[in-house]
Structures are given as structure tokens and as C-alpha cells.
Protein chains: 2
Amino acid sequence: MTTTNSLTYDDLGSAAQRDRRRRILDATIALASKGGFDAVQMRAVAEQADVALGTLYRYFPSKIHLLVSALARQFEDTQSMVSRKPVPGETPSERVIYVLRRATRGMQGDANLTEALTRAFMFADASVATEIHVVGMQLTTMLNRAIKGDAYVEGEQPSDEEVAVARVISDVWLSALVSWVTGRATAEEVADHIETAVRLVLR
Amino acid sequence: MTTTNSLTYDDLGSAAQRDRRRRILDATIALASKGGFDAVQMRAVAEQADVALGTLYRYFPSKIHLLVSALARQFEDTQSMVSRKPVPGETPSERVIYVLRRATRGMQGDANLTEALTRAFMFADASVATEIHVVGMQLTTMLNRAIKGDAYVEGEQPSDEEVAVARVISDVWLSALVSWVTGRATAEEVADHIETAVRLVLR
DNA sequence: ATCGGAACTGCAACGTGTTTCTATTATGAC
DNA sequence: GTCATAATAGAAACACGTTGCAGTTCCGAT
């Protein structure tokens, strides 16, 4: 760990390094948003982030790492904006459907970005396990909050059944998302399919 | 349609063309089985199938098309061997778990091949919709047979609920498979997760 | 048997992810 | 301030999916 500048909680390096990392992720998201997975070209990211190609690879060892890291940051940003208010809805089903509907709409609002991030997520191999795990935890937390509603307490362990339910739902959500980003299902079909699955699992 | 040689049900071209197609898929599966997705290199497939690179691309317009077609053929072969006997098990849950366990074991027996085919399936975009649909139908049929057991009748339309259940299960199965091929879950975890999900959905 | 078009071969070339290398610059220890 | 080290820039080169093309071979119709 470096000795100077302990403004940060984790060891993210110097301010200059944190700034480079931020610029790189910004560029990644901008390019993904404009043209999807294919438009996130490493040379283009490097140029737009104003770093050398080698530096980009020093920060993110592959295009997949880069995109999954971008996904994690996006998710985090979104969550921190939303997670203050309790999830509306009377039953777990209603709350989960509300949350997923909202998330899905958000992603469909930027189809290119979603396509890029989803593709990367599905293509990631074991070397991306760390980044993937971050996203998985974010997803699980979001779903548990929705399932439990007011009864949700941070840090409390969910039961085995709750874990299983959350996992099935995120599997369905992911599959639906993949069908959508690859053009095999419409937004409506995705929404229907998710609702059906949620009602099936949460009854 | 060519006039000679109507041994085949669909129009698959001349015998020489069918043979080339077969050789290409054989080479694809052999290479995938040996080294996974990365080892299925178009030049290598062409060489091993004894066709020119351009010919390979005439038969399969991309690596993804090639691999998803290989998946469809593998699936078909497996199904035709299995689908004669009824699925053992007293309840839908038991039968579905039996079938998935068997299929999963089969895939885990050739991890490289499974990795290659699964990756391709998850990466496929709209241009591969036809091939994907074939695989999706195979999967749905397999699950419906398992859910209905002796009551299964070929051609009979499953109810909405049955369709939804089958779809959720295949989503979970696919996600589990992806976790496994990308090294994020062990075979045991996959089996457990699937069983839990099936019991959750089929109760 | 021949003709015309489709299919095939062999090969070069391009684009993009990834690696590698050298020269230069920034950073922390003393 | 100086030095050793790590980080970065810049650019070339490699790997593999994909495309394009000139010449050759195959195949069905006549």
C-alpha cells in the first residue's frame, strides 16, 4: 500500500491512478453506449481515456475484465441512488417484479450499453471471477431487499430458501436479458417471462 | 432443390455437400473436445475437415453459427438415443432431476466440448436465431417429456404453466452451465443448484 | 460431349484483441 | 535534491476471425 493519500477506503493507488481508472471506465461506457460490444475497441478506449494501450491493459487485463468492471461500477452507482428508499409493494412478488421491471426498463433505455455489458458478463471466464462475484453480490442484495421488504436488515443472513429463490430469479433475469440483447426476444416478452417466473417461484 | 439423390428429408444438397458438412461438424467437435472454444479455430477446422477456408465460411457464416450447429447436432444425436424409453421417476420433480442430472453428467464428461458449445450459445446474436431456436425446441421437448412422464403425448400442446415451468428450468440450467464452464462453480454446486430450483418450481 | 454457372481451392489481406519492447516520465525513500 | 523503481507512452508485431479474389473443378442441362 502506498503511504500517501489515504482518502480511499480500498487501496486504489494514487489520485492519478484513480483518475486514470475512472477515465478508462468512462470511455468504456461512452463507447458501449454509442455502439455496443463491438464499439468498445481497446484502441478506441485508450485514445478516448487519454492513456496508452499498454496502460489500459495494465489496469484491465482484457476487454472482458474491462466491461465487467464497468458493469460493476454502473450497478453500484444505480444501487446507491435507489437503495435508500424501501421497495414499494405489498407482497414479495410485487416488490421483486417492481424492482426487476425498473432495472429492466433502465437497461432497455440504453440498449447498446446493456448489450455490451451483458455479453461481457456471459463470456467471462474464471479469470474474471472476482469482478463477476461483485456483480453477483449486488444482484443478490437487490433481490433480497425486494423479497423481504420492510423486514430487510442489512447484514442479516437470508435463509436457504430465500437464497435459492433469489438465485433462480436472477438466473431467469439473466437469460431473459441475453435473449433480449441478442435480439431473440422483445422487451415485452422479457417482462412477461420474468413476471411469470417470479410468480411461479414466490407463491 | 437438386434433382438427384432424394435420400434426405430436407434439402441438404448433394451427397458431396452433405459429406462436407458432416466432415466440418466432425472436425469442429473434435477440436472443441480437445481444446475448447479457443481451439476451434476456423483455419484448423477447415484443414481438419479438408476443405478450404472459404468453403467453410460458405457452409457456416461464422464461428458462432458453426458451433451452435454443432450443438444442435450433438443434442439431436443424444436425444435420438434416449427418447425411446420413458423417463424413470414417480413425480415430475424426480423425472426432471433425473434427466438434467444425466444431461449434466454427459456434458461434464467432456468439459472442453461443453465449454465451446455453451460459450457459442451464449454469445450468439440474432443472426443465429434459426439454429438457436432448434436447440431451444429440443430442450423444451426434453423437459416436457420429463415433466409429463407417461402422460406425455407427442404433438400435444403443453399448458401455459407447463411452458413457463420448462422455461424457468432451462434458464436455471443454462445459467448453471455457464457458471460451470467458466469455472465459477463446481459440478456439485451445479447439481445442487438445479435440484433446488426444480423442487422450488415443481411443487 | 459440351457448355455455363455454381462450388471449391489457395492465398493474400484486413481488423481488432493482445503482447512485447524501448524510451520517457512520475513517485516515493533517503 | 538524487536515486531507484514503477508506471506510462508510443509503436511495432502477433493471432485469429473474417473477407475478397483469381484460377480450377464439379455438376446438371442441353
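So you know, we letter chains A, B, ... as the sequences are listed, proteins then strands, and number each from 1.
- Looking at residues two or more places apart in sequence or on another chain, you find a side chain to side chain contact (heavy atoms under 4.5 Å, CB included) between I97(B) and R101(B), E195(B), V198(B), R199(B).
- Contact check of residues 25-44 of chain B against DNA chain D (heavy atom, cut-off under 4.0 Å) returns V40(B), Q41(B), M42(B), R43(B).
- With no hydrogens or angles considered, no side-chain donor-acceptor pair links H193(B) and T196(B) at under 3.5 Å.
- Summarising the geometry, the separation between CZ on R21(B) and P on dC8(C) is reported as 13 Å, rounded to the nearest angstrom.
- In this structure, CG of D19(A) is placed 12 Å from P of dT27(C), rounded to the nearest angstrom.
- When rounded to the nearest whole Å, the span between CZ of F123(A) and P of dT16(C) equals 17 Å.
- A heavy atom lying under 4.0 Å from DNA chain D marks the following residues of residues 52-60 of chain B, by number: L53(B), Y57(B).
- As a whole-Å value, the separation of I64(A) CD1 from dT16(C) C1' is 13 Å.
- Here the P atom of nucleotide dG17(C) and the NE2 atom of H65(A) are 16 Å apart, to the nearest Å.
- Partners of D192(B) according to the side chain to side chain donor-acceptor pair (under 3.5 Å) rule, which considers only residues two or more places apart in sequence or in another chain, do not exist here.
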Ignoring hydrogens and angles, write down the donor-acceptor pairs under 3.5 Å from the side chains of residues 172-181 of chain B, residues two or more places apart or on other chains.
from    : atom 1 : to      : atom 2 : distance (Å)
W173(B) : NE1    : T104(B) : OG1    : 3.0
S175(B) : OG     : D171(B) : O      : 3.2
S179(B) : OG     : S175(B) : O      : 2.9

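- Here dT9(C) presents its P atom at 8 Å from CG of D50(B), a figure rounded to the nearest Å.
- Across the protein-nucleic acid pair, L67(B) atom CG and dG17(D) atom C1' stand 12 Å apart, rounded to whole Å.
- Residue-environment remark: CG (D77(B)) exceeds the threshold of 12 foreign heavy atoms within 6.0 Å.
- Looking at residues two or more places apart in sequence or on another chain, you find a salt bridge (charged side-chain N to carboxylate O under 4.0 Å, His left out) between R22(B) and D19(B), D26(B).
- H65(A) places no side-chain N or O within 3.5 Å of a backbone atom of E131(A) that could act as its donor or acceptor partner.
- Within the cation-pi definition used here (under 6.0 Å to the ring centroid, within 45° of the axis), K63(B) does not qualify as a partner of F123(B).
- Atom CD of Q17(A) is separated from atom P of dT27(C) by 9 Å (rounded to the nearest Å).
- Under the 4.0 Å criterion applied to side-chain N and carboxylate O atoms, R119(A) and E115(A) are assigned as salt-bridge partners.
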